[in-house]
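Heads up, the thing below is written out as structure tokens.
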Amino acid sequence: MSTTGATADPLAALGDLPGVADSVESVRKAVDRVYGHRVMRRRSNEITSEAALRGARGSAALSGADWALEEVRRRSDFSGDAEARTVGAALRLTAEAGQLLSIWRQSPLRVLARLHLVAAADKAEHVGRPRRAGEPVDEPLTDLPLPGADEMHGRLEGLAEIVIAGGSAPALVTAAVVHGELLALRPFTSHNGLVARTAERIVLVGSGLDPKSVCPAEVGHAELGQDAYREALRGYLSGTAEGMAAWIAHCGRTVALGARESTAVCEALQRGAA
């Protein structure tokens, strides 16, 4: 989705695409169910912490580090091989996201730079800034076309303008577009998938749809799998109404699956099994 030269509320029309309103309503019902659970009223901090762990595990899985949840929970050292570093990056990003909510709407590019810095855990010259012409991108989604640096910079600025301007689009639509555009652009030399999914979470939480961050979309993305993820993203990249609607619907299903995961955690806590 090219955002350069966009109007003040370019995402609002996406809410009118066929099936998108149904996705938005389905997500709202799923979120309401978990927030209405009796355990949430008493132990929401525990649900939030567990959702963060499971969300980080899911995001890492999509970036090639598909570890069992208990392994992620057990580990304390993530400095070993590439998979361990990916899991560690996902965990750091999940922890950092909550600290950046108030900054996102004023300075999304600053937040994205910070997320990349946290994910990379490195002081290399290319860390924490968008890539420049000729710099390679290390990303699992290598089969997708990579925009040149000039196009990437222009579209990234356009995306930031949309975020700052706000608008009437449903939170799900905005989150899906932020996620999809960052994956399409891959603005950093690494960790773009992890950053994109964290940005999606920031939008969902900051918008008020999921204020306690208990509906981790990353869980749903991992459950639906990499093939479905890539296929839905291709729909986004197509720029067609059908493709955009399919991507938004895909993101809606992932939020609903995240809500279902936390509902199951609530049920387990209620039974005294967690």
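Everything quoted here is computed from the prediction, not taken from an experiment.
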Show your reasoning for whether side-chain hydrogen bond (donor to acceptor under 3.5 Å, both in side chains) applies to His37 and Ser262.
CA-CA 10 Å; His37 198 286; Ser262 286; over 6 Å; no

Would a 4.5 Å heavy-atom cut-off, applied to side chains only, mark Ser44 and Tyr35 as touching?
no

Full working for side-chain contact (heavy atoms from CB on, under 4.5 Å) between Val178 and Ile162
CA-CA 10 Å; Val178 167; Ile162 289 173; over 6 Å; no

Could you name each residue pair satisfying side-chain hydrogen bond (donor to acceptor under 3.5 Å, both in side chains) that touches residues 164-179, not counting sequence neighbours?
Asp9-Ser168, His179-Glu200, His179-Tyr229

Testing the basics here: between Leu204 and Ala217, what is the closest heavy-atom pair and its distance to 0.1 Å?
CD1-CB, 4.3 Å

Would you check if Val214 and Glu50 make a side-chain contact, meaning some heavy-atom pair closer than 4.5 Å?
no

Can you measure from CG (Leu93) to CZ (Arg197) and round to the nearest 0.5 angstrom?
10.0 Å

Against Arg92, only a single residue in Leu194, Thr198, Val118 fulfils side chain to side chain contact (heavy atoms under 4.5 Å, CB included); can you say which?
Val118

Interatomic distance, Arg201 atom CZ to Asp210 atom CG [nearest 0.5 angstrom]:
5.0 Å

Does Arg28 pair with Asp32 as a salt bridge, N-O distance under 4.0 Å?
yes

Glu70 and Arg73: CA distance, side-chain angles, deciding distance, salt bridge (charged side-chain N to carboxylate O under 4.0 Å, His left out) verdict
CA-CA 5 Å; Glu70 291 310 312; Arg73 196 191 306 278; 3.2 Å; yes

Are there more than 12 heavy atoms of other residues, nucleotides or ligands under 6.0 Å from atom CZ of Arg75?
yes

Can you run down the side-chain hydrogen bond (donor to acceptor under 3.5 Å, both in side chains) pairs that involve residues 14-26, sequence neighbours left out, and say none if there aren't any?
none

side-chain contact (heavy atoms from CB on, under 4.5 Å) between Arg132 and Glu125, intermediate numbers included:
CA-CA 11 Å; Arg132 296 170 182 161; Glu125 189 270 338; 2.8 Å; yes

Taking atom types as modelled and ignoring hydrogens, do the side chains of Ser63 and His191 form a donor-acceptor contact shorter than 3.5 angstrom?
no

Give the minimum heavy-atom separation between Cys251 and Ala176, together with the two atoms involved.
SG-CB, 3.8 Å

Among Ile, Leu, Val, Met, Phe, Trp and Tyr joined by side-chain contacts under 4.5 Å, find the other residues sharing a cluster with Leu224 and list them by chain and number.
Leu257

Between CD on residue Glu151 and CG on residue Leu185, distance to nearest 0.5 Å:
7.5 Å

Would you compute the distance between atom CG of Leu237 and atom CH2 of Trp247 and round it to the nearest 0.5 angstrom?
9.0 Å

Sub-4.5 Å side-chain heavy-atom contact between Lys212 and Ile47:
no

Is Arg85 close to Ser79 at the side-chain level, that is, under 4.5 Å between some pair of heavy atoms?
no

In the structure I gave you, are the side-chain heavy atoms of Asn192 and Leu182 within less than 4.5 Å of one another anywhere?
no

Between Cys215 and Ala259, what is the shortest heavy-atom contact and its length?
SG-CB, 3.7 Å

Tell me, do Met152 and Arg155 make a side-chain contact under 4.5 Å, heavy atoms counted?
no

Single-linkage hydrophobic cluster Val31~Val219, side-chain heavy atoms < 4.5 angstrom:
no

Glu231 with Arg234: basic N within carboxylate O range, under 4.0 Å:
yes

So do Leu14 and Val177 actually touch side chain to side chain, heavy atoms under 4.5 Å?
yes

Which pairs pass side-chain hydrogen bond (donor to acceptor under 3.5 Å, both in side chains) with one or both residues in residues 93-108, sequence neighbours excluded?
Glu96-Arg114

Could you walk me through whether Arg186 and Glu181 pass salt bridge (charged side-chain N to carboxylate O under 4.0 Å, His left out), step by step?
CA-CA 8 Å; Arg186 276 149 288 159; Glu181 192 71 358; over 6 Å; no

Under 3.5 Å: donor-acceptor pair, side chain of Ser59, backbone of Gly55
no

From CZ (Arg253) to NE2 (His221), nearest 0.5 Å
10.5 Å

Hydrophobic cluster (4.5 angstrom, side-chain heavy atoms) - remaining members for Leu117:
Val127

Among the clusters formed by ILVMFWY side chains lying less than 4.5 Å apart, do Leu112 and Ile164 turn up in the same one?
no

Heavy-atom neighbours of Asp150 CG exceed 12 at 6.0 Å:
no

Exercise: do Thr189 and Arg131 side chains pair donor with acceptor under 3.5 Å:
no

Assess the residue pair Glu223 and Arg54 against the criterion (salt bridge (charged side-chain N to carboxylate O under 4.0 Å, His left out)); give the C-alpha distance rounded to whole Å, side-chain angles, the decisive distance to 0.1 Å, and a yes or no.
CA-CA 11 Å; Glu223 183 171 334; Arg54 294 177 185 225; over 6 Å; no

Heavy-atom closest pair (Leu156 atom, Pro187 atom, distance to 0.1 Å) is CD2-CB, 4.0 Å

Any donor and acceptor pair, going by atom type alone, linking the side chain of Ser49 with main-chain N or O of Glu46 inside 3.5 Å?
no

What distance do Met244 atom CE and Thr240 atom OG1 have between them, rounded to the nearest 0.5 Å?
8.5 Å

If you group Ile, Leu, Val, Met, Phe, Trp and Tyr whenever their side-chain heavy atoms sit less than 4.5 Å apart, what else falls in with Leu69?
Leu53, Trp67, Val72, Phe78, Val87, Leu91

Is any side-chain heavy atom of Leu109 less than 4.5 Å from a side-chain heavy atom of Leu159?
no

If every non-hydrogen atom of Arg57 is compared with every non-hydrogen atom of Ala222, which pair is closest and at what distance?
NH2-CB, 4.1 Å

Minimum-distance pair of heavy atoms, taken over all atoms of Leu11 and Val173
O-CG1, 3.9 Å

Is the shortest side-chain N to carboxylate O distance from Arg38 to Glu267 below 4.0 Å?
no

